[in-house]
2 protein chains.
Amino acid sequence: MAEKRNERNDKLREERREQILEAALEVFARKGFVGTKASDISKYSGLSHGLTYHYFESKDEIFTELVERALKSAAAVIDYALLQPGTSADQLTWLTGIILSHTGGSSSYPFLLMVQAFTMESIPPKAKELVAEYEGLPRIRMAELVRKGQEEGSFREGDPEQLAYVYLSAIQGLSFSSFAAGRSFPVDPAHVNQLLLN
Amino acid sequence: MAEKRNERNDKLREERREQILEAALEVFARKGFVGTKASDISKYSGLSHGLTYHYFESKDEIFTELVERALKSAAAVIDYALLQPGTSADQLTWLTGIILSHTGGSSSYPFLLMVQAFTMESIPPKAKELVAEYEGLPRIRMAELVRKGQEEGSFREGDPEQLAYVYLSAIQGLSFSSFAAGRSFPVDPAHVNQLLLN
DNA sequence: GTCTATAGTTCGATAGAC
DNA sequence: GTCTATCGAACTATAGAC
């Protein structure tokens, strides 16, 4: 009996946390960390102000957890690409396709959070530490894909890390534009892939 | 006599305004609009809090003027490219070189201001209006360069505005990365230009 | 023209009822 | 577990002296 109740409570707690985090992600992305009031988050989540503070210690903690998730996802998608079947060129095609299809509107929120984390001084110290820790990871994993592709002969020559840097920067810029631009411009993934392919 | 004094005063006023705007640009870029306190600007400019409000009506007005300048510069650099001597390919080379050399550190501040203006809801309404007004301008001018290059046969085929969009997004991403990345990665401008050239 | 001091407001976080 | 009411800190903008 006591077991059942605990399970129910745990599930409830987890649901509430996610409810708060989901709302916070959108509000932080749109108003910025400092521009977001704690009351904005609770209003948007449909929960009370006090309950938000029952589940999280502070506004800082909510933001920091969201940044951590975003940073980990960014590195993870490249690892997934490396696990895809086929040649390195196939994996690149998969990766570019996935990223470009996950841009615009609310899919860009984690990305916008990272932009803040990368550029703003006015973010929680722990979020800054996370950024310093994960910052270079996507580039390192991407360089691995580039090196593999060069060995297969389908990728252009050059320092793998520099090539990875150019590709990731370009695709970041496209993600940003697809959010910022009023209308949406179709982008041919193959066009982007030519930055790396022969 | 009265003439001379007015001239001196005008010059003084202009100098102070620029002093405030220069300081504000850096602080806004690094802390964000909401994260920047009016006192941060006055401290950084070396002037008093009260004097800042003598020259500007509000924090909003300072930010808005800086955004307007940044937006105008962004469109202007492409117009300059169209005025450069040589073929369209030469003009593209010039443009990419200029932009890539103006990235990293404090040269990126106007760019970071625009990132805020494009993405954040918590910015002054007048700044948002300016963004809406100037948003598409660089793409339109850039499309003109692309069309010209296509006529000359050196640029790849395709919708000029879409090609301009991809190029500008990519170069925006590179500008952003050069600011965000800890170390600086050298980028070959010719590599970027291949997005548009045959 | 320039500064210091402060009025008025807003927001993050908590206490306590149900 | 959830909500309402409220405190204390911090910030923008202004008033008034020099």
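All chains are named by letter (A, B, ...) in the order of the sequence lines, taking the proteins before the strands, and each is independently numbered beginning at 1.
- Between Asp60(B) atom CG and dT12(D) atom P the separation is 11 Å, expressed in whole Å.
- In terms of phosphate contacts, Arg16(A) brings no side-chain nitrogen or oxygen within less than 4.0 Å of OP1 or OP2 of dG1(D).
- At a threshold of 4.0 Å, the pair Lys126(A)-Asp60(A) does not count as salt-bridged, since none of the basic side-chain nitrogens sits closer than that to a carboxylate oxygen.
- Checked options Thr36(A), Val27(A), Ile20(A); the residue passing with Tyr44(A) is Val27(A) (criterion: side chain to side chain contact (heavy atoms under 4.5 Å, CB included)).
- Set against dA13(D), dC3(D), dA13(C), the side chain of Leu51(A) has dC3(D) as its closest nucleotide.
- Of the candidate nucleotides dC3(C), dG1(C), dG1(D), dC3(C) has the atom lying nearest to any side-chain atom of Leu47(B).
- For an aromatic pair to be called close, the ring centres must be under 6.0 Å apart, and Phe63(B) with Phe28(B) satisfies this.
- Residue His54(B) places none of its side-chain N or O atoms closer than 4.0 Å to OP1 or OP2 of dT2(C).
- Taking the centre and axis of the six-membered ring of Phe33(A), the NZ or CZ atom of Lys59(A) falls inside the cone set by 45° and 6.0 Å.
- Between Ser48(B) and Glu57(A), it is Ser48(B) whose nearest contact on DNA chain C lies nearer the 5' terminus.
- Residue contacts for Thr36(B): at a heavy-atom cut-off of 4.0 Å it reaches the sugar-phosphate backbone alone, with no base atom in range.
- Taking atom CZ on Phe33(A) and atom P on dG12(C), their separation rounds to 9 Å, with Å as the unit.
- In this structure, of dT12(D), dG1(D), dG1(C), it is dT12(D) that holds the atom nearest to the side chain of Lys59(B).
- Between Tyr53(A) and dT14(C), a side-chain N or O to OP1/OP2 separation shorter than 4.0 Å is absent.
- Protein atom NZ of Lys43(A) is 18 Å distant from nucleotide atom C1' of dT2(D), rounded to whole Å.
- Considering only side-chain N and O atoms, Tyr55(B) lies under 4.0 angstrom from the phosphate OP1 or OP2 of dT2(C).
- Among the protein residues, Thr52(B) comes within range of no part of the nucleic acid, since none of its heavy atoms lies under 4.0 Å from any strand.
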